[in-house]
Amino acid sequence: MDLITSAVVAAIEHGAPAHAPEAVLSHYRQIQAAIGKFDSASAILAAIAALEADPADSRLRLALSTALASARVPDDMETLFAAQGLLDGLQRPSPQAPDVEALPATAPAPVDKGAVASNYAVVKVYFATDRQRDVGKPPAQRFSGERSFTAGHGADDGPLSYGSCDISIPRDHRMGQLESPSLWRLEWRADPDKRVTLLSAEVQDHANFFAALKTQIRASAGKSAFVFVHGYNVSFEDAARRTGQMAYDLGFDGAPVFYSWPSRGDVAGYTTDENNIEWSTPHIAAFLADFLARSEAAQVYLVGHSMGNRGLARAVAELMSADPQLAQRITEIILTAPDIDAAIFKHDIAPKLARARNPVTLYASSQDLALAASKAVHGYPRAGDSGAGMLIVAGVESIDASGVDTSFMKHSYFAEKRSALSDMFYLIRNQARADQRFLDPVDTPAGRYWTFKA
């Protein structure tokens, strides 16, 4: 089934149109309202009504999918995002789950942290965040989607909170997958034996944070660390889980760090997220400068995703101008699906990033629906576009990831499937440039870019 038909069926199976939870009904109505603007809306809505009467009938599902395709509804971003929002909501554990009193207040912690516990491994990741925090809440809810309005843990912290998280990785984990609990299987909470789970989130003051960080960096063979800045529609919990999954899949023996800005973690929160990443950019810049000066890491890899690249790229560009000697401690800059205006990136940001030790790596995709939606909103190409809009700039190794089998909504391809993550593995582990990895060159009048080997 296509995405929209899947969302309609899921809503009906959860009680729509009469008895579904309000969150499901809200997205269900949004889907119907978005369909209403099409010329063939009456036929499509009639197909939905038929499904409401008999959602198990595969012929009715096929009829709806066919009607949607004929009207080109799957090309409509408003309908797609409403469908994604519905399915995202169903994937999240329900706060009203049955037998909730029988469940522990927090996830189980392994006896020997950093080792294999039961059927899962534990990865420690470090964080800095300018989200509002509530230490009294469980780890997954400790930091909200609101901006921090109080100072951090100590006098040196400013608006930031610092700390570390323990992330479980199931022993049967597949590379690139961020295994999550599923309502489809009646999984009300994360099982660390089966799911990538945030086990704990410990808040530390500035001094203790860097002391713990330096201890792990010194213990690594390459004295290395990576800093990940997540994108739009990402909660603190998911940023932590993604960082642990990436560190595990990359076999990274240094310190995995993530900076979590106050994304709302909601598909409908795009405009709010845009404002918040702009608000966070000075904090990201200050944290990077502090990190490079204090962490003692000899190899520092910066990885940005989606809208997070706006904050990361501008912060690094500022650092390159303000303190070029400190900026030379950055080993690699990796921009994945960057949701940045292409012209601004090319003329204002890329020339400054070109001063880095190594070329910037940029993963792009012509099939990225979230970037297409961003382009529709802003009216201009994004730096993460490929195809005819592929960005080719001096000092940037651009890689077309369109051929990679991508994730849900095709916007997390940097860490959802084997190809892109494997390419990052060789980049980080071997410092192998694009012409030394499993990529094919594509030469154009504007210059060269790269694609994944077939």
Side-chain angles (χ1 to χ4, degrees), residues 1-38 40-71 73-74 76-103 138 140-141 144-145 178-191 194-195 197 233-235 237-238 264-270 369-370 373 407-409:
M1 287 187 294
D2 63 275
L3 178 69
I4 300 167
T5 302
S6 297
V8 168
V9 171
I12 294 169
E13 290 179 342
H14 282 79
H19 305 295
E22 182 54 38
V24 174
L25 284 177
S26 175
H27 286 294
Y28 190 62
R29 295 186 192 110
Q30 287 175 25
I31 293 171
Q32 292 179 312
I35 289 171
K37 66 190 178 189
F38 288 86
S40 53
S42 58
I44 298 171
L45 294 174
I48 292 176
L51 256 183
E52 290 173 352
D54 189 1
D57 191 325
S58 59
R59 293 171 299 176
L60 294 177
R61 297 184 183 191
L62 179 60
L64 173 58
S65 185
T66 302
L68 290 167
S70 298
V73 177
D76 179 63
M77 293 301 160
E78 181 183 358
T79 315
L80 281 173
F81 279 123
Q84 184 191 8
L86 192 152
L87 292 173
D88 277 354
L90 290 176
Q91 289 285 348
R92 296 189 182 112
S94 169
Q96 302 297 325
D99 300 325
V100 70
E101 294 181 1
L103 300 176
Q141 303 166 26
S144 73
L178 191 62
E179 291 90 351
S180 301
S182 171
L183 266 176
W184 305 112
R185 294 183 290 271
L186 301 180
E187 295 169 343
W188 303 112
R189 67 189 298 274
D191 179 353
K194 300 177 181 178
R195 312 295 166 207
T197 304
N233 186 25
V234 175
S235 66
E237 177 189 13
D238 285 344
R264 284 295 175 89
D266 187 339
V267 173
Y270 186 90
L369 296 181
S407 69
F408 189 57
M409 287 299 287

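These numbers were taken from a predicted model, which means no experiment stands behind them.
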Practice problem: Please assess Leu64 against Val9 for the test side-chain contact (heavy atoms from CB on, under 4.5 Å), listing each intermediate value before the final yes or no. | Solution: CA-CA 10 Å; Leu64 173 58; Val9 171; 5.8 Å; no

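- Under the 3.5 Å distance criterion, the side-chain polar atoms of Ser65 are left unmatched by any main-chain donor or acceptor of Arg61.
- Of all the heavy atoms in Ala20 and Leu25, the pair that sits closest is O-CD1, 3.4 Å.
- Remark: Asp54 CG to Leu60 CG distance equals 6.0 Å, nearest 0.5 Å.
- Nearest heavy atom pair, residue Leu86 against residue Ala10, reads CD2-CB, 4.3 Å.
- Taking CD1 of Ile31 as the start and CG of Leu45 as the end, the distance is 11.5 Å to the nearest 0.5 Å.
- Note that CD1 of Ile48 and CD1 of Ile35 are 4.0 Å apart. Values are rounded to the nearest 0.5 Å.
- The two residues Ala82 and His27 have their closest heavy-atom pair at O-ND1, 3.8 Å.
- Under a 3.5 Å cut-off, the side chain of Ser26 and the backbone N or O of Glu22 do not form any donor-acceptor pair.
- Between Ile44 and Val73 the shortest heavy-atom distance is CD1-CG2, 3.8 Å.
- Between Tyr28 and Pro17, the closest heavy-atom pair is CE2-CB, 4.1 Å.
- Across all their heavy atoms, Leu51 and Asp57 have their closest contact at CD2-O, 4.3 Å.
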